[in-house]
Amino acid sequence: MTQRLAGKVVLITGAAGGQGIAEAHLFAEHGAALVLTGLPDDPVGPLAEAITAKGGRAIALVQDVCDESQWQTVVEAARKTFGGLHVLVNNAGTISRESISDTTLPKWHRTMDVNLTGAMLGMRHTAPLMRESGGGSIINVSSIAGLGAHYDAAYCASKWGLRGLTKMAAIEFVEWNIRVNSIHPGQIIDTSFFRDGKPGHAESARRSIPMQRQGTPLECANLVLFLASDEAGFITGAEIAIDGGFSAGGAIWLRSKLRDQLAAEAD
Ligand SMILES: NC(=O)c1ccc[n+]([C@@H]2O[C@H](COP(=O)([O-])OP(=O)(O)OC[C@H]3O[C@@H](n4cnc5c(N)ncnc54)[C@H](O)[C@@H]3O)[C@@H](O)[C@H]2O)c1
């Protein structure tokens with residue numbers, strides 16, 4: 001197998017969640033050395049041990065992405081342990097599923113801090129080391145909530161913000177040979193985002209996707225792998241939906257089904 005990340009050092013935040021785990025295993029198979037970070041209760045230690053046991057290279061660190069001083073510690077650890085940094089996956093994220101009318105200010109601020117400010121701090125603190133390392137790639141994990149409306153006010157605003165910040169960062173860091181892109185997943189199975197939803201959450205999601213199924217963490221990891229690798233060398237400032245066609249035309253697809261249903265009822 002061609003190792004598409006051989007010689008690269010990759011930092012993944014929120015690494016012990018559904019998508020982070022898939023990325024960590026896939027990137028290790030592709031030769032990356034990994035810096036895996038997560039909140040104090042997130043099992044990033046066992047994840048790093050599992051990768052090391054399979055012959056990979058990985059360290060685990062506790063990190064709240066909202067804390068600027070912890071970013072400095074994490075970047076120093078990457079430099080000390082692996083000698084540099086080439087890829088940042090701003091993957092950590094949180095959701096509270098509250099409308100504008102319902103959201104409390106603490107929840108609003110926490111969501112914005114994790115999803116938007118955390119990613120900004122990540123870019124600010126990793127870019128200088130990536131520059132020293134010869135350049136790199138940043139992948140900001142936004143959402144379909146960053147492409148259209150959503151039912152969580154803070155989540156929607158934070159993911160739209162991240163999409164815009166990605167384009168700004170792509171231009172700011174272009175002279176440092178750092179590419180910056182956003183991905184926009186929708187309805188990915190095996191993540192806490194789905195396990196914790198209301199009854200009917202997952203099923204209604206599935207039924208609104210033109211492909212009629214949810215995506216998998218591995219499918220997301222493969223997209224991030226591509227953007228992280230040199231194969232994506234001319235791609236920067238792009239936004240890529242990974243959602244089974246939902247953002248392209250989920251509404252018109254549902255409307256077509258409704259039209260057929262109404263026509264059948266009229267017969
Ligand atoms: N699952 C989906 O369908 C979906 C859809 C669109 C976007 N996303 C985005 O994908 C990313 C990955 O989420 P996932 O699907 O793997 O869900 P997940 O909940 O399984 O993983 C998210 C991880 O981020 C960690 N995290 C939360 N706050 C943090 C903080 N302050 N500092 C560090 N880590 C923190 C969590 O502990 C968790 O391990 C998130 O940014 C999420 O918004 C997910």
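Heavy atoms only: backbone and side chains are in, while hydrogens, waters and symmetry mates are out. Both ligands and their constituent atoms are indexed starting at 1 by order of listing.
Of the listed residues (V44, N91, I188), the one carrying the non-hydrogen atom nearest atom 3 (O) of ligand 1 is I188. Among G118, G186, G18, the residue whose heavy atom lies nearest to atom 20 (O) of ligand 1 is G18. Among D64, I144, I183, the residue whose heavy atom sits closest to atom 31 (N) of ligand 1 is D64.
Per-residue contacts place V114 under 4.0 angstrom from the following atoms of ligand 1 (heavy atoms of the residue considered): 28 (N), 29 (C), 31 (N). Near Y155, meaning under 4.0 Å from one of its heavy atoms, ligand 1 places the atoms 6 (C), 7 (C), 8 (N), 9 (C), 42 (C), 43 (O). Ligand-side atoms of ligand 1 in range of V65: 30 (C), 31 (N), 32 (N), 33 (C), range being under 4.0 angstrom from any heavy atom. Every atom of ligand 1 is numbered from 1 in the order shown, and the set under 4.0 Å from a heavy atom of R110 is 31 (N). Residue-ligand proximity, S143 to ligand 1, at heavy-atom distances under 4.0 Å covers atoms 6 (C), 7 (C).
Contact record, M123 with L88: N-CD2, 3.9 Å, taken as the closest heavy-atom pair. In terms of heavy atoms, N140 sits closest to V180 at ND2-CG1, 3.7 Å.
Judged by distance alone, the side chains of K54 and H25 do bring a donor and an acceptor atom under 3.5 Å apart.
A 4.5 Å side-chain heavy-atom check between K8 and H30 finds every atom pair outside the cut-off. Between L165 and L116, the closest side-chain pair of non-hydrogen atoms falls below 4.5 Å. A 4.5 Å side-chain heavy-atom check between T37 and Q70 finds every atom pair outside the cut-off. Side-chain contact between T13 and Q63 is present, with heavy atoms from C-beta onward closer than 4.5 Å.
Under 4.0 angstrom from ligand 1, there are no non-hydrogen atoms of E23. Using a 4.0 Å cut-off between heavy atoms, Q187 contacts ligand 1 through its backbone alone, with no side-chain atom that close. Contacts between S142 and ligand 1, counted as non-hydrogen atom pairs separated by less than 4.0 Å, involve the backbone only.
Taking any N or O of D42, backbone or side chain, at least one lies under 3.5 Å from an N or O belonging to ligand 1. Considering backbone and side-chain atoms together, G38 places no N or O closer than 3.5 Å to any N or O of ligand 1.
Using bins of under 30°, 30° to 60° and over 60° for the plane-to-plane angle, the ring pair H201/Y151 lands in the perpendicular bin.
Contact between H184 and ligand 1 is absent, with no heavy atom of the residue lying under 4.0 Å from the ligand. Assignment of Q70 to the shell around ligand 1 is not supported, since no heavy atom sits closer than 4.0 Å.
Clustering ILVMFWY residues whenever any of their side-chain heavy atoms sit less than 4.5 angstrom apart, transitively, puts I12 in the very cluster that holds I240.
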For the pair H150 and K159, evaluate side-chain contact (heavy atoms from CB on, under 4.5 Å) and give the outcome as yes or no after the intermediate values. CA-CA 10 Å; H150 200 254; K159 295 297 191 179; over 6 Å; no
